[in-house]
> 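Let me begin by handing over the structure; questions about it come next.
Order of listing sets the numbers, starting from 1, for every ligand and every atom in it.
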Amino acid sequence: VQDFYHDGTPDFFRLEPGQKASAHASGTVFARLRAPLGTVKAWVESFQDGEQSHTEMQLEKTDDRFEFWTGRFPYRNFELTRYRFKVIVPHENSSARVFPKWFKSDPVSSQPSSTRSVWFGQNGVTPFVPTLEDDFKIAPGTTGVSSEVPDWVSGAVFYQIFPDRFRDGDPSNNVYDGEYSYNQHPVKARTWGERPDPKQGFREFFGGDLEGIRQSIPYLTDLGVNALYLNPIFKSPSSHKYDTEDYFLVDPHFGTNESFRALVTELHANGIRVILDGVFNHAGIGHKWFKSGLEGAASRRFFTFTSEENSSYVSWLGVKTLPKLDYASTELQDVIYKQETSIVQHWLKPTRPAANDGVDGWRLDVIHMMGEGGTHAGNHAIIQSIRTAMRQANPDAYLLGEHFFEATPWLQGLEEDGAMNYHGFTWPVWGFLVGADHAAQPLSLDAAEMVAAMQNARAKIPWAHQLAQFNQIDSHDVPRFSSLVADAAWNALGAALLMTYIGVPCVYYGDEIGLQGGPDPDNRRPMPWNEADWNTDIQAVYKRLIELRRSSAALQRGGFEVLHAVGDALAFVRQLKDQAVITALTRGAAITLEVQPAIKGRWRDAFSNEVLETKDGVLQVALTAESFRILILER
Ligand SMILES: [Ca+2]
């Protein structure tokens, strides 16, 4: 346990009562800091109108291990508010000096100090002034309406479905062999259960569809998930459908617009939300805007042609089948997101006022690349406008950005609610449990290094976004986690981290039954529906972990504090007021961890029901080799 602690939960941070109405208010923040015994003085250093201000804190209470200091500091709601703590603490061998009357006495008369100043921000304690980017941050509009992260997001457990590979509920709509050609190659129909063929890739089809998802609702509710992220569903000639031909039309091999709306209604009736994959950086070469643009229509301006030549258009990473959309065109902005009838708003809104068939958010593909003139110029303004448009159509819509890398600039309150958290979760976990990064190059992190990587990422973003980050241990873009870990037991360790770490967990379809898979397209194998093919051990682990996540406010919205991180072993606590959950795990040999949670009581093992009690402030957590335990506080 670090002595210093602060987070965005109500025990440590809240806005003064009555400051909830306006999205553009100024006001006061109450902050509480947990500090070591013997702390001499503490301040909040915050920033207003661009200038730093100091607010002195008062000692509120002391227990046997900590002091709690409180203070109130001003903020303006329309801008990102940064703050950190400056604290004077005892320090042996301090090189500091005390000047009784600064600038008014002889410096030679100064006395050696037995204290020093330290600063505490989201990336920990430093004896020097930290950088702004590691400050605690309050997202603009935290008390208002327009910029809040939707409440439901932190309570969600997502399930990612790649529609062609999840379930074939209606063989009559399947692509058949040679039905059409794509880039002069005929498409190929495959049989459910076969392995994807790297030579066919996006030209092979297994027949999964919306009806298959509908038939699987009992399976999904039994698993316990309550939100779906669907890979693209709109008309496209490929099986991945990232080359959209018509954003207003569900692909006929998946179903119809009507069957999709009916599916959303049925999912909602079963407590399952849905977000769609919006591929708006580029269109497919078969989109009518592009085809008519080649013939000189006005929609030519939706793309970036560098000359009169029809072949001179900018495309995604040079892939000519994916011409890049140009948001310098206000007409394009209108049709993609600005108008009420735009694509983004159309699918968020119900088909009629009483219907419940609008989707709950968008995952935007390569969101950081969208921009003007064939570049990402103007990107942040575009994403801010998309957020505004989404909130207009559905105030509870979740804006999720796809970034394979760091997403910090998009997570400062005005743009994304959350990002696909490869940077702050997936890669650190891979460093600890896989031993490689996304490029299949060696990445070796012990427990301390993993949590340092995670903290370093978390430190850059406001609390509201930390809770809304989209965590996965794998996805359709990387090999299956279960195929990467050297030891099957480590697969369960990954699942435990996924369901107990801060942020929104998402299970890639099939991970819960141990589906294997290498790089794309092998990571997109058809979901086996013969239960004899399921790994029921990992399935039981997933179901219990999801149940725990769904039932625990501490796991959904609690703080995060590391209790132990050395070598192979890790323990951390998630706490929300008087609710707390400890996750303890080791990837190595059996070990007994001695941890000191700040909150005291009896802890019940969520799997074995064994009750553990704190003795003299120490909780002994015995772990067998390569195992995890989840301990729930009982008061
Ligand atoms: Ca089908």
> Answer with yes or no whether the side chains of T426 and Q472 bring together a donor and an acceptor at under 3.5 Å.
no

> Can you sort out the partners of H476 under ring-ring contact (aromatic ring centres under 6.0 Å, His included), two or more places apart, ordered by chain and number?
Y242

> Any non-hydrogen side-chain atom of Q345 less than 4.5 Å from a side-chain atom of Y337?
no

> Which protein N, O or S atoms sit under 3.0 Å from the Ca ion (ligand 1)?
D168 OD1, D170 O, N173 OD1, N174 OD1, G207 O, D209 OD2

> Are R363 and D277 close enough for a salt bridge, meaning some N to O gap below 4.0 Å?
yes

> For the pair W529 and F166, evaluate ring-ring contact (aromatic ring centres under 6.0 Å, His included) and give the outcome as yes or no after the intermediate values.
CA-CA 9 Å; W529 288 102; F166 182 60; 5.3 Å; yes

> Answer whether the closest heavy-atom distance between the side chains of L364 and F280 falls below 4.5 Å.
yes

